[in-house]
Amino acid sequence: MTRFFLTTAIDYVNSQPHLGTSYEKICADVIARYKRLCGFDTLFLMGNDEHSQNVFKKASEEGLDPLAYCDRMEDVFRTAWRRLDVSFDDFIRTTEPRHKAGVTDLVKRIYDAGDIYEGVYEGWYCVSCEEFKQEKDLADGNCPLHPTLKPEWIREKNYFFRLSKYQQPLLDHFAAHPEFMQPDMRRNEILRLIESGLIDVSVSRAGQSWGIPLPWDPGSVVYVWFDALINYASAVGLGHDPQMFARWWPADLHVIGKDITRFHAVIWPAMLMAAQLPVPRQIFGHGFMTLNGQRMSKTLGNLIDPGDAAGRLGTDTLRLYLVKEVAFGGDGDFSWERYDERYNVDLANNLGNLVSRVTTMAVRYRQGRLAPTGAGSDQLARLGERVIADYRRAMDGFALHEGAAAAFRLIDATNEFIAATSPWALAKDAASADRLTQVLFDAAEAIRLSAVLLLPIIPSSGREILDPSGRAGTRRHAPT
RNA sequence: GCCGGAGUAGCUCAGUUGGUUAAGAGCACGCGUCUCAUAAGCGCGGGGUCGGCGGUUCGAGUCCGCCCUCCGGCACCA
């Protein structure tokens, strides 16, 4: 069986899951479920990023051992994702032994290849951002993102990764694999960045305990983002399970936010090249969700709890919104009005009502038993074929919104088909018996097909419709 | 500042290489209608100088130039 290995970004555990992070997980989940539906042996990886100074600080503020704090957050995140029906197969934490093994192995490979060297880094450092700041990035000597916090001047021993050496190999890779970075707009941005020249990046911090020590210099730990990237490989065996690693590496797809494309499309492949390991096949940088046109942020206090959004009208409503109403790759906007609309229009009126009317007629006129009689045209079945083709083309290219739209085209056509064939009229005339059976069969078959196509997007509704116990058709309208 | 993207009906958006889709879809709204159904479905309709100005062309949302507005990227932001 052909395998498919996909990942999402791992999440920083010093804040809670919100609509933005949920968006990424849901879209990745749709892809994972689609691949499984297509018969791929699929591995869908998610996880948490824990080696951050902010996590360390936050834990001590709460009087917790950092690991205990992370344990608690693992629960929070797993619960949130489960609530959204995100079907991850594995969940990695960067404090796990398997991850330490992977990081140690990869860093050592790069070091042995001569692409990590010792140097000195000095500059302004913002503890909250956990990064060095250029003089030009400071506003009145303070970090613009944390104006109340004095940046620290730090001079420390650092190890650097020879990223500059990989400019040409990266350019070659981009040229040979145009699909490597998607969408194209992100690809072009990254390409220009590489063309303009790459500088070496620091990959370690000195004098810290919260992190993974460098194997040749235990006094330094691996810089958090360098550490984090490696999760994709350590989860599938790098440094501890060669057989598993051989089976699953390289990843087929990294689903990430557009803000971290540089790490994934430049530094990560360069790290792997240095370690003589294969690079991932594809990286997809999705857009961000806004709320009523405004950027969501902690400071604005307009973060949406995904549990609340799923709770109002169901997880499927939220998933359908995020997948069908947002062109995957671009930014999207969320509003409660449009959320309700998805439920009323798509799930209740078009899909739910269709299932309800067809099942009622099938039971009333044919005791729920349908079979083709050959009396009638195959127009609906032919449309179904076209919809499947459109759907697959869209989903294979990660145009998730077009895939959803294709499925709903068939649903709309089935409602029109019923109006055009008027089965209730056929039921009044015994001469139309075969015709009626065929019409109901065609409609039921179109529903079945739609439900299958929608399984990756709205898994719970899809399963409900396909459930042979016949419990479909219980939906009602959104409360007004 | 430099590079890139976008500006099409109230809202969200389609519109391949310019001409039988030069004005479309969905939602919302109005009217009509069937009755199998979750006050759902189906049909019809209103409404837009396709950001502005100029140009190329027999003909331009669709090409070129300039301008306006919004957005993204410009290296260590998980």
Side-chain angles (χ1 to χ4, degrees), chain A residues 8-15 21 24 47-52 54 94 121 123 126 129-134 137 145 160-161 163 183-186 188-190 192-203 223-229 231 256-264 266-267 287-288 290 293 295 324-327 330-333 335 337-338 341-342 344-365 401-402 405 408-409 412 414-427 436 439-440 443 473-478:
Chain A
T8 66
I10 54 176
D11 294 286
Y12 242 174
V13 294
N14 50 338
S15 60
T21 45
E24 170 175 301
N48 281 351
D49 186 7
E50 304 179 326
H51 284 135
S52 142
N54 288 326
T94 55
Y121 200 111
C126 174
C129 294
E130 219 164 315
E131 67 181 31
F132 285 97
K133 294 287 179 181
Q134 306 288 329
D137 293 331
L145 295 176
F160 289 82
F161 170 51
L163 181 63
D184 286 337
M185 180 182 164
R186 299 291 155 206
N188 293 335
E189 284 176 1
I190 292 296
R192 279 198 304 278
L193 172 74
I194 300 173
E195 284 163 353
S196 73
L198 300 173
I199 61 173
D200 295 345
V201 292
S202 92
V203 300
Y223 203 176
V224 58
W225 56 263
F226 206 79
D227 167 339
L229 282 166
N231 88 85
I256 56 162
K258 64 183 183 181
D259 55 332
I260 51 174
T261 52
R262 192 175 311 112
F263 291 93
H264 285 77
V266 179
I267 300 178
F288 289 146
T290 54
R295 177 136 194 180
K324 181 164 176 272
E325 296 299 294
V326 181
D331 291 341
D333 186 56
S335 75
E337 291 70 27
R338 292 182 64 201
E341 183 181 298
R342 292 284 62 71
N344 288 334
V345 173
D346 291 331
L347 289 179
N349 294 356
N350 289 342
L351 177 56
N353 180 55
L354 173 64
V355 173
S356 175
R357 65 199 302 209
V358 171
T359 51
T360 298
M361 287 191 283
V363 168
R364 183 176 304 174
Y365 302 141
H401 56 297
E402 289 179 19
F408 273 91
R409 262 208 311 286
D412 290 342
T414 308
N415 272 321
E416 291 164 27
F417 172 77
I418 291 171
T421 52
S422 305
W424 53 91
L426 296 173
L436 173 60
V439 162
L440 292 177
T474 55
R475 288 181 186 286
R476 291 295 178 272
H477 256 244

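Order of the sequence lines fixes the chain letters, A, B, ..., with proteins taken first and strands second; residue numbering starts at 1 for each chain. This structure is a prediction, so every number in the text was calculated from the model and none was measured. Quick note: numbers below take in every heavy atom, side chains included, and nothing from hydrogens, waters or symmetry partners.
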Notebook entry, point to check: Is B:rG54 in the syn or the anti form, by the rule that syn lies within 90° of 0?
Noted result: anti

Next item on the list: Could you give the distance separating B:rA6 and B:rG52 at their C1' atoms, to the nearest angstrom?
Entry: 16 Å

Checklist line | Nearest to side-chain heavy atoms of A:Glu341, which nucleotide of B:rA78, B:rC42, B:rC27 | finding: B:rC27

Note to self: Would you compute the distance between atom CD of A:Glu189 and atom OG1 of A:Thr261 and round it to the nearest 0.5 angstrom?
What the structure shows: 6.5 Å

Check: Between B:rA75, B:rU12, B:rG72, which one does the side chain of A:Glu189 approach most closely?
Finding: B:rG72

Check: Within the structure shown, what part of the strands sits under 4.0 Å from A:Leu229 by heavy-atom distance: base, sugar-phosphate, or nothing?
Finding: base

Notebook entry, point to check: Nearest to the side chain of A:Arg186 - B:rA37, B:rG72, B:rC27?
Noted result: B:rG72

Item checked: Nucleotide of B:rA78, B:rU12, B:rC36 approaching A:Ala228 most closely (side-chain heavy atoms) -> B:rA78

Note to self: For the C1' atoms, the ones on B:rC50 and on B:rU33, what distance do you get once it is rounded to whole angstrom?
What the structure shows: 34 Å

Notebook entry, point to check: How is A:Gly332 classified with respect to the nucleic acid when contacts are heavy atoms under 4.0 Å: base, sugar-phosphate, or nothing?
Noted result: nothing

Margin query: Whether the side chain of A:Asn353 and the base of B:rA37 hold a donor-acceptor pair under 3.5 Å is what I'd like checked.
Written below: yes

Checklist line | Shortest side-chain distance from A:Arg357, nucleotide among B:rG41, B:rC42, B:rC76 | finding: B:rG41

Next item on the list: May I ask you to decide if A:Arg409's main-chain N or O and A:Asp412's side chain share a donor-acceptor pair within less than 3.5 Å?
Entry: no

Next item on the list: For B:rG41, take OP1 and OP2 only and decide whether either is under 4.0 Å from a side-chain N or O of A:Asn350.
Entry: yes

Notebook entry, point to check: Looking for any heavy atom pair under 4.0 Å, which part of the strands does A:Ile256 touch: base, sugar-phosphate only, or nothing?
Noted result: nothing

Checklist line | From CG (A:Asn188) to CG (A:Leu193), nearest 0.5 Å | finding: 12.5 Å

Notebook entry, point to check: What nucleotide among B:rG4, B:rC27, B:rC36 has an atom nearest to a side-chain atom of A:Met185?
Noted result: B:rG4

Check: Which listed nucleotide (B:rA37, B:rC42, B:rA78) is nearest to the side chain of A:Ser356?
Finding: B:rA37

Notebook entry, point to check: Base, sugar-phosphate alone, or nothing: which one does A:Phe408 contact when heavy atoms must sit under 4.0 Å apart?
Noted result: nothing

Check: Do NZ/NE/NH1/NH2 and the carboxylate oxygens of A:Glu341 and A:Arg338 come within less than 4.0 Å?
Finding: no

Notebook entry, point to check: Of all the choices, B:rC76, B:rG41, B:rU12, which nucleotide is nearest to the side chain of A:Asn415 once you look at every atom?
Noted result: B:rG41

Margin query: So, does A:Arg192 get its side chain near the phosphate of B:rC2, meaning an N or O under 4.0 Å from OP1 or OP2?
Written below: no

Check: With respect to the side chain of A:Ser202, which nucleotide from B:rU12, B:rG41, B:rC76 is positioned closest?
Finding: B:rC76

Next item on the list: Check whether any side-chain N or O of A:Asp49 sits under 3.5 Å from a backbone N or O of A:Asp11 as a donor-acceptor pair, and report yes or no.
Entry: no

Item checked: Sugar-phosphate, base or nothing in reach of A:His264, heavy atoms under 4.0 Å -> base

Item checked: A:Met361 side-chain proximity, nearest of B:rA28, B:rC36, B:rA78 -> B:rC36

Check: Base, sugar-phosphate, or nothing for A:Asp200, non-hydrogen atoms under 4.0 angstrom?
Finding: base

Next item on the list: Using the C1' atom on both, measure B:rU12 against B:rG65 and round to a whole Å.
Entry: 32 Å

